[in-house]
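The next block holds one structure in the form of structure tokens; read it before the comments.
Side-chain atoms are counted along with the backbone in the values below, which use heavy atoms only and exclude waters and symmetry mates.
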Amino acid sequence: MIDRYFGVGTAEEAFGRLYQEANDFGDMLRIVFGRRNANDYAQLVNQYTYELRDLVSAQLAGNTEEMNRHVNNLTKNVEDRAKFLASINPFLNEDEWRNLLKVYLQHTIEVANAFSSRNFEEGARIYDQITELTSTMGEAFAEGLYDYVASGCQCTDGQSQADRECFTKEQVNNIYNIRMFWFELAYWTRAYMLSRHFNVGNEDVVLARLKQVPDKYIAGLISIFGSEYISRDTNLLNRHIELINALITALSEGNTDEANTVVQELYKNADERAAFLASINPYWSQDQWRAILYTNIRSTIDEFNTFLTDNYAQNLHIFSTILDQAEYASDYYEQGAFNFLLHQGK
């Protein structure tokens, strides 16, 4: 949407990435529900993305009749998806999913309207609502999936699920919030780059929102590991964001010496973050975290440089890579946290 409404890159490149997300989700469903059901649902999601693309095009063209037609088609798609999910999994409630998907569609249209009126701040505010709703939907889907596959579930120590709960719901939710941190950091860093380079929205407002990203992450850390050492990670994360801001400034001004200095500080900060994470959890490797954080720094630098060189196709490719890296980081974090909780008895 940002690409379409603010003229960043090309519509085809951005849509190609959005379309791929639907196929990836279908691949995940295939493991549990089989190829045919996964393909059928992926087709419904693909229809949704096509209708959304055409809705944006109609709005940009000022074609109210076409806009209404696509909104109606999107609403029907929501109905069809809710019914389909309930048909393949009896633990997914059709009415609940209809309501969740309707609200998601409503927020998506609100974002489109905000961007259409060049109100980036309002679009960003609604994006936060979408993020919260996504968490609710993820939790509801995960619970339904768990109920579907968990008959006779065994915990890793051999006790049955009926005898002992492996993890509390609160612990799992905290780990989920921590997983989302890596994706939120990627998105809001990119939003800030767009604001700085293309004057999209108020850069101070977007920077303030970027600085809020670590809040849930830190709260999740405290819930698992306690508060004794967490303040250090808070400072390190805040420092990372400050350095990203300084790097964008240096690169925008063509100040190579300053950019090199900031990059060195970013890697030093990554070393300290990796050492900290390894110190609070024996199931995390300092070397592994260093590799994860170093890779993110390199990709973030490449991402902004492609804005400077107007290489938008490469920019989208890099952002896609950053999202893949975020998923890897969140997987590694999740596994280490689960092992810590399991073996520490917390």
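- By the ring pair (Phe, Tyr, Trp, His ring centres under 6.0 Å) test, Phe115 pairs with Phe6, Phe120, sequence neighbours left out.
- Within the 4.5 Å cutoff, the side chain of Arg273 has heavy atoms near those of the Leu237 side chain.
- Side-chain heavy-atom separations under 4.5 angstrom define the hydrophobic clusters, and Leu316 shares its cluster with no other residue.
- Within the structure, salt bridge (charged side-chain N to carboxylate O under 4.0 Å, His left out) contacts touching residues 288-316 (residues at least two apart or in different chains) are Arg190-Glu303, Asp271-Arg290, Asp287-Arg290.
- To the nearest 0.5 Å, atoms OH (Tyr192) and CG (Leu207) are separated by 4.5 Å.
- At least one side-chain heavy atom of Tyr50 sits under 4.5 Å from a side-chain heavy atom of Arg53.
- Proximity of Trp97 to Met137: side-chain heavy atoms (C-beta onward) are separated by under 4.5 Å at one or more points.
- Ring pair Phe307/Phe304 is perpendicular by interplanar angle, where above 60° counts as perpendicular and below 30° as parallel.
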- prompt: Under the salt bridge (Lys or Arg N to Asp or Glu O under 4.0 Å) criterion, do Lys102 and Glu79 qualify, and how do the steps go?
  reply: CA-CA 8 Å; Lys102 278 185 176 179; Glu79 297 280 349; 3.4 Å; yes
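- Summarising the geometry, atom CG belonging to Leu293 is positioned 8.5 Å from atom NE2 belonging to His240; distances are rounded to the nearest 0.5 Å.
- Here CG of Leu60 is found 9.5 Å from CG of Leu55. Values are rounded to the nearest 0.5 Å.
- Residues satisfying the ring pair (Phe, Tyr, Trp, His ring centres under 6.0 Å) test with Phe319, not counting sequence neighbours, are none.
- A search for salt bridge (charged side-chain N to carboxylate O under 4.0 Å, His left out) contacts involving Arg196 returns Glu203, not counting sequence neighbours.
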For residues 213-220, which side-chain N or O atoms pair as donor and acceptor with protein atoms under 3.5 Å away, sequence neighbours left out?
{"unit_1": "Lys216", "atom_1": "NZ", "unit_2": "Glu132", "atom_2": "OE1", "d": "3.4"}
{"unit_1": "Lys216", "atom_1": "NZ", "unit_2": "Glu132", "atom_2": "OE2", "d": "2.3"}

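- In this structure, Ile292 and Gln288 have side chains that are in contact, with non-hydrogen atoms separated by less than 4.5 Å.
- Taking the salt bridge (charged side-chain N to carboxylate O under 4.0 Å, His left out) definition, one finds that Asp331 meets it with Arg179, sequence neighbours left out.
- Between the side chain of Asn269 and the backbone N or O of Glu265 there is no donor-acceptor pair closer than 3.5 Å.
- Taking the ring pair (Phe, Tyr, Trp, His ring centres under 6.0 Å) definition, one finds that Tyr48 meets it with nothing, sequence neighbours left out.
- Gln47 and Glu51 share no side-chain donor-acceptor pair at under 3.5 Å.
- With rounding to the nearest 0.5 Å, the separation of CG in Asp80 from CG in Asn73 is 10.5 Å.
- Looking at Ser116, its side chain never comes within 3.5 Å of a backbone N or O of Asn113 through a donor-acceptor pair.
- Minimum heavy-atom separation, Ser299 to Ile318: O-CG2, 3.5 Å.
- Using modelled atom types and a 3.5 Å distance limit, the side chains of Arg81 and Asn77 yield a donor-acceptor pair.
- Residues meeting the ring pair (Phe, Tyr, Trp, His ring centres under 6.0 Å) test with Tyr187, sequence neighbours left out: Tyr127.
- The salt bridge (charged side-chain N to carboxylate O under 4.0 Å, His left out) test applied to Glu94 returns Arg98, not counting sequence neighbours.
- Not counting sequence neighbours, the partners of Arg209 by the salt bridge (charged side-chain N to carboxylate O under 4.0 Å, His left out) test are Asp128, Glu184.
- Listed by first then second residue, pairs satisfying ring pair (Phe, Tyr, Trp, His ring centres under 6.0 Å) with a partner in residues 245-266 number zero, not counting sequence neighbours.
- The minimum heavy-atom distance linking Gly144 with Phe91 is given by the pair O-CB, 3.7 Å.
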message: Assess the residue pair Glu110 and Gln106 against the criterion (side chain to side chain contact (heavy atoms under 4.5 Å, CB included)); give the C-alpha distance rounded to whole Å, side-chain angles, the decisive distance to 0.1 Å, and a yes or no.
response: CA-CA 6 Å; Glu110 290 170 350; Gln106 176 186 340; 3.2 Å; yes
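- For the pairing with Phe225, the ring pair (Phe, Tyr, Trp, His ring centres under 6.0 Å) check across Trp284, Tyr333, Phe276 returns one residue only, Trp284.
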